[in-house]
Amino acid sequence: MTKFAVFDLDGTLIRWQLYHAVVDRLAKEGHLGPDAREVLHAARMRWKRREAGYSFRDYEIALIKTYEESVATVSPAVFDEVMTSVIDEYKDQVYTYTRDLAIRLKSEGYTLLAISGSHEELVAAIAQHYDFDDWIGTRYKRKSGTFTGEKYVASHDKEAALRSLITKHKLATHESYAIGDSKSDAPMLEMVDHPIAFNPDKALYDIALRNGWDIVVERKNVVYTLRKQKSTYTLLDDTETKDVS
Amino acid sequence: MLCYSETMLIGEGVDKVKPDASFDLDGTVFKFTVLEQYTHWLCEQGIFRPLPDAVLDAKAEWKADNTEANYTSHLNLLVGFFVDQIPGKDVSTLEVAAEIVANQERHRRWNVTTGIISHLRDSHNLFAISLMPEWLMAPFARDLGFTAMIGSTYVVQDGRFTDEAHTIDKALAYAEHEHGTSLVLHMGDTVGDGSLFDISEHPVLFNPSRTLLESRAEHNEVVVMSHKDTATVIRDGDVRIFGAPFDIADLWANIRGEA
């Protein structure tokens, strides 16, 4: 049985959210209706101003709603063109910790997997760029040159998504890694021997603290590895972080 | 001939009884480099000529590699372009531009830092200390309720900037304004803050660069890093994690080692 490392992509490997970038660009270019750009700008500003009760998740919901209300009117050819330009812009804007971890584990024989809520086509492009072995993203059904509006969102249940890849490739959770940055990644982190909460939001932070998982934060060009030792978390020094496993 | 700083009321509201707290702006209060946003805006408006490819290429390289050397290289090119564009520009035009950019970008702040600023506002004199030009700092500092601000000065003649500018050593510049009470806190994120860390009672390295961390290693100072809706305080290798909305009183006590 082969060991694996499964990565979330947006916010974990890639510094920004690819899905957001694509929807934003479609809106800016007028492909999501006349009001979409303004609606998204207003939602983004509410989040950035940290208006009471309005979180990043609320902004994300507004973004998804705006996209899905118009997706059936978007030409897949336009989508593919926008996606290509977004990939070109963002594919190398990555966190060095997760990029280097992926490279290292690949060289050690791990099977690399990606599970993301982004468009399947975006996930595929990034996964191939970083030499991943398999990946799962959100599938928006295409038919006769249009999007039908139907979708399959694997990231709603990352545990099930990971189980399907484990079965498909005959993988073992023993000695395997899972890396994610938000609460939706917790179920796949729970499945492996080496869970890493990377730049976690507060919800995942709390789960990581309860479970004693490693927490890694990358800010600017510094990587902080926080590890539970006895009852408290301490900062590992550079020599210890070279052996995070 | 007139230094720009002399046209402004700097530190008018300093209360000589209160202790001081000082803050770097770029990267410590704001999540972006103010001078970069300002320069981009001036280029878009045709007040500056278009950004040279060398600046854009350097930014692309930094985004791809995220090394401090690439960041510094990009910033140096940007500042060089900025300084080159300034002579002869109308002062009031650039002041208005600063107000517009501040209004557009004012929300892009670190909540931890602005929380501490708010928490200390009544009990401390708050100094904004930055290498950016004072006329650019002014609307940002005013918006945050700073008591005083210290930045680089540019010489003005007949309502226009000359080619003469004076950057500052932060601690020396602060020393000219200090009034006999202690500097309780300095928060900063780069090696340029080192001289203020040396003289502050509670130096806080906020989202520090690697060069800053290495340069301050022997001082064993408090590190605060913030991302998403969290703030992590590291003191003597021990870790305390805060979630938004931050309990700033608790966080401030933690910084001082009293929690």
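Numbers restart at 1 for each chain; the letters A, B, ... are given by sequence-line order, proteins then strands. Please read all numbers here as calculations on a predicted model, not as lab measurements.
Heavy atoms of B/Y71 lying under 4.5 Å from chain A are absent altogether. At a 4.5 Å heavy-atom cutoff, the contact between A/E218 and chain B is made by side-chain atoms alone. The contact between A/D181 and chain B is made by backbone and side chain atoms together, counting heavy-atom distances below 4.5 Å. Only the side chain of A/T96 comes within contact range of chain B, judged by heavy atoms closer than 4.5 Å. Interface remark: B/S209 contributes backbone and side-chain atoms alike to the contact with chain A (heavy atom separation under 4.5 Å).
The environment of A/K183 atom NZ is sparse: at most 12 non-hydrogen atoms of other residues, nucleotides or ligands sit within 6.0 angstrom. For A/H41, the NE2 atom sits in a loose shell: 12 or fewer heavy atoms of surrounding residues, nucleotides or ligands are nearer than 6.0 Å. Within 6.0 Å of CZ in A/R37 there are 12 or fewer heavy atoms belonging to other residues, nucleotides or ligands. Dense packing is recorded around CD of A/Q128, with more than 12 heavy atoms of other residues, nucleotides or ligands lying under 6.0 Å away. More than 12 heavy atoms of other residues, nucleotides or ligands sit less than 6.0 Å from atom CD of B/E258.
Taken to the nearest 0.5 Å, the OG1 atom of A/T234 stands 12.0 Å off from the CG atom of B/D236. Going from atom NZ of A/K202 over to atom CG of B/D229 covers 8.0 Å, rounded to the nearest 0.5 Å. Distance CZ/B/R240 to OG1/A/T232: 12.5 Å, rounded to 0.5 Å. Here CG of A/N221 is found 8.5 Å from CG of B/L213. Values are rounded to the nearest 0.5 Å.
No side-chain donor from either of B/T232 and A/Y224 sits under 3.5 Å from a side-chain acceptor of the other.
Proximity of a side-chain donor or acceptor of B/H227 to a complementary backbone N or O of A/P200 within less than 3.5 Å is detected.
At a threshold of 4.5 Å between non-hydrogen side-chain atoms, the residues A/L209 and B/I241 count as touching. Counting heavy atoms from C-beta on, the side chains of B/D238 and A/Y233 never come closer than 4.5 Å.
Residues B/D189 and A/K220 share a closest heavy-atom pair of OD2-NZ, 3.0 Å. The heavy-atom pair separating B/V239 from A/L235 by the smallest distance is CG2-N, 4.0 Å.
Ranked by heavy-atom pairs under 4.5 Å with chain A, the list B/A60, B/P245, B/S226 is led by B/S226. Chain A forms the most heavy-atom pairs under 4.5 Å with one residue out of B/P208, B/A244, B/G27, and that residue is B/P208.
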Original post:
Going through the distances and angles, do A/M45 and B/H107 end up as a side chain to side chain contact (heavy atoms under 4.5 Å, CB included)?
Top reply: CA-CA 8 Å; A/M45 295 312 287; B/H107 56 276; 2.9 Å; yes
